[in-house]
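Inspection log for the structure reproduced underneath, given as structure tokens.
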Number of protein chains: 2
Amino acid sequence: MTNAPAARRDIPDATVARLPVYLRVLRALSGRGVDVVSSEELADAAGVRSSGLRKDLSYLGSYGVRGVGYDVERLSEEITRELGLQGDFAVAIVGMGNLGRALADYRGFATRGFSVRWLIDTDPELTGSTIAGLTVVDFDGFRPGPDEAVIGVLATPPASAQEAADSLVERGVRSILNFASEPLDLPDSVAVRKVDLATELQILAFHDQRTRPEPEPLPDPFAEVTS
Amino acid sequence: MTNAPAARRDIPDATVARLPVYLRVLRALSGRGVDVVSSEELADAAGVRSSGLRKDLSYLGSYGVRGVGYDVERLSEEITRELGLQGDFAVAIVGMGNLGRALADYRGFATRGFSVRWLIDTDPELTGSTIAGLTVVDFDGFRPGPDEAVIGVLATPPASAQEAADSLVERGVRSILNFASEPLDLPDSVAVRKVDLATELQILAFHDQRTRPEPEPLPDPFAEVTS
DNA sequence: TAGATTGTTAATCGATTAACAATC
DNA sequence: TAGATTGTTAATCGATTAACAATC
């Protein structure tokens with residue numbers, strides 16, 4: 001029991017991670033002219049249970065109407081506001097290898113309020129060149145404005161990831177999406193999410209192996225020779 | 001209390017998701033000539049707590065030595081075996097846009113036992129062309145061998161994702177990594193993991209907004225005009 | 001033996017789910 | 001009013017953590 005002044009409602013991490021999914025479904029519904037949606041329909045489309053969806057939404061407040069459902073536009077706006085996506089966010093991509101280039105060109109960002117505004121690489125061969133309409137700069141050239149909220153995307157080789165992350169944080173970046181499969185050591189005030197493609201594949205390989213119809217047995221080193 | 005015959009030990013999902021991280025750290029240690037590592041050191045490098053690490057490893061069996069630590073090679077092997085990574089896995093990438101191309105070229109896969117063996121696209125302009133040393137085929141050309149464990153990677157536009165996933169599953173794929181930001185409707189027997197870049201950015205944006213030093217207040221629509 | 005570190009227990013914490021009273 | 005669906009409760013489930021006995 002705390003009496004902190006008007007403490008911000010605390011939304012569980014698991015809920016925060018699902019809000020963008022709901023938002024995406026809502027916008028698709030809106031595009032198809034749907035005005036109202038029930039928790040059952042929305043949950044189905046998002047791949048969650050309706051009770052879980054309602055619990056998630058209850059953290060935002062009561063924006064549904066009993067017996068009716070949720071107003072698609074209204075709910076979109078509330079989630080957008082809750083996620084803080086009204087403003088637009090700048091993205092800075094570090095590391096202009098294959099992945100970095102692909103991300104620089106990725107269309108999916110713009111449709112969701114993000115614009116790639118900085119491309120960074122330390123290789124002098126690359127700085128000054130143009131990729132996806134932007135000039136590649138080194139860290140000295142990375143000077144975001146004081147009010148520019150920048151999310152850093154690390155697409156460097158693993159060996160340079162920590163150094164690159166430090167440079168971003170030095171220049172005021174507080175949120176990092178890490179594609180380099182290298183755990184980062186950063187202050188707690190910096191939010192980091194990682195996307196490790198090889199790890200994802202390994203997790204899938206584990207499940208794949210488990211569900212393999214009839215795995216051919218490995219030769220048993222202790223088996224008697226019977227033939 | 002069950003007496004199912006030699007029931008497979010059940011490893012929690014959260015543990016499975018961390019094993020690849022441990023494996024990666026172990027291999028790095030091995031490369032630096034380290035023979036033995038304590039749970040404390042390994043946990044630090046992996047970014048988890050030592051008690052959690054020990055609990056995770058306890059699901060695999062008892063491979064540590066009290067008072068000493070874990071044998072780096074031994075533990076690597078056990079995790080590799082547990083994850084089913086001894087064999088090698090083929091990867092089939094569907095969708096040869098920017099992202100698909102970047103993934104086809106991605107070096108990180110090979111070092112962890114995966115080889116990109118199939119590139120698939122339905123665009124007749126693309127099929128037959130060569131990318132990263134492989135010929136792009138359409139689904140008719142995707143004929144994995146009966147013993148070839150294939151993990152499908154979806155890098156199509158959202159609108160084609162479901163159809164592409166269905167085609168993969170029809171041809172025996174049981175594991176899918178989904179980059180298309182579109183929830184998939186597939187049989188429970190198919191394992192799906194998704195990587196949604198825009199969703200990751202939105203989650204970061206949420207945290208960023210929360211930790212912003214002094215967010216400039218939005219104009220209050222109900223404010224009295226005072227100037 | 002003394003020191004170190006594992007493997008496991010039990011407590012805690014957080015997330016999910018079903019069920020249903022509230023209410024449109 | 002009758003039917004539908006929300007918002008919330010309480011039960012369950014799974015994951016995390018600290019602590020420590022076991023033991024090298």
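All of these numbers come straight from a predicted model, not from anything done at the bench. Any value given below was found using the heavy atoms of this structure, including those in side chains, with hydrogens, waters and symmetry copies removed.
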**Asked** According to a strict under-4.0 Å criterion, is B:Ser39 in side-chain N/O contact with OP1 or OP2 of C:dT6?
**Response** yes
**Request:** Give A:Ser38 one of three labels, base, sugar-phosphate or nothing, depending on what nucleic acid heavy atoms sit under 4.0 Å from its own.
**Result:** sugar-phosphate
**Item:** side chain to side chain donor-acceptor pair (under 3.5 Å) between A:Asp56 and A:Tyr22, worked out
**Value:** CA-CA 10 Å; A:Asp56 283 341; A:Tyr22 303 154; 2.5 Å; yes
**Prompt:** Looking across every strand, which nucleic acid part, if any, lies under 4.0 Å from B:Arg54 by heavy atom: base, sugar-phosphate, or nothing?
**Reply:** base
**Item:** Rounded interatomic separation in angstrom, taking CG from B:Leu60 and P from C:dT6
**Value:** 14 Å
**Prompt:** Quick one: is B:Tyr70 getting a side-chain N or O under 4.0 Å of the C:dG7 phosphate, OP1 or OP2?
**Reply:** yes
**Asked** What is the ring orientation for B:Trp118 with B:Phe142, classed by angle as parallel under 30°, tilted 30 to 60°, or perpendicular over 60°?
**Response** perpendicular
**Prompt:** Within the structure shown, what part of the strands sits under 4.0 Å from A:Gly64 by heavy-atom distance: base, sugar-phosphate, or nothing?
**Reply:** sugar-phosphate
**Asked** Can you find a donor-acceptor pair, distance only, under 3.5 Å between A:Arg66 side chain and D:dT6 base?
**Response** yes
**Prompt:** What is the distance, rounded to the nearest whole Å, between atom CG of B:Leu53 and atom C1' of D:dT17?
**Reply:** 13 Å
**Asked** In whole angstrom, what separates B:Tyr63's OH from C:dT8's C1'?
**Response** 17 Å
**Asked** Would you say C:dT16 has OP1 or OP2 under 4.0 Å from some side-chain N or O of A:Arg18?
**Response** yes
**Prompt:** Mapping A:Val65 and A:Ser51 to their closest nucleotides on DNA chain C, which lands nearer the 5' end?
**Reply:** A:Ser51
**Prompt:** Roughly how many Å is it from CG in B:Leu57 to P in C:dG7, rounded to a whole number?
**Reply:** 8 Å
**Fill in**
Its dot-bracket string being built from Watson-Crick and G-U pairs below 3.5 Å, with | for another strand and [ ] for crossing, DNA chain D has the pattern ..||||||||||||||||||||||
**Distance in angstrom units between A:Lys55 NZ and C:dC20 P, rounded** = 17 Å
**Item:** SB check B:Arg24 A:Glu182 (cutoff 4.0 Å)
**Value:** yes
**Request:** Determine, for B:Arg74 against B:Glu78, whether the closest basic-nitrogen to carboxylate-oxygen distance falls under 4.0 angstrom.
**Result:** yes
**Item:** Check ion pair A:Asp196-B:Arg112 (N to O, under 4.0 angstrom)
**Value:** yes
**Asked** Rounding to a whole Å, what distance do you find between B:Asp56:CG and C:dT6:C1'?
**Response** 14 Å
**Message:** What's A:Gly69 touching, base or sugar-phosphate or nothing? Going by heavy atoms closer than 4.0 Å.
**Reply:** sugar-phosphate
**Message:** Taking A:Ser167's backbone N and O only, do any of them form a donor-acceptor pair with A:Arg171's side chain (distance below 3.5 Å, no angle check)?
**Reply:** yes
**Request:** Considering only NZ, NE, NH1 and NH2 on the basic side and carboxylate oxygens on the acidic side, decide whether B:Arg27 and B:Glu77 come within less than 4.0 Å.
**Result:** no
**Message:** Output the rounded distance in Å from CG (B:Asp71) to C1' (C:dT6).
**Reply:** 15 Å
**Asked** Rounded to the nearest Å, what distance is computed from the CD1 atom of residue B:Ile11 to the C1' atom of nucleotide D:dG14?
**Response** 15 Å
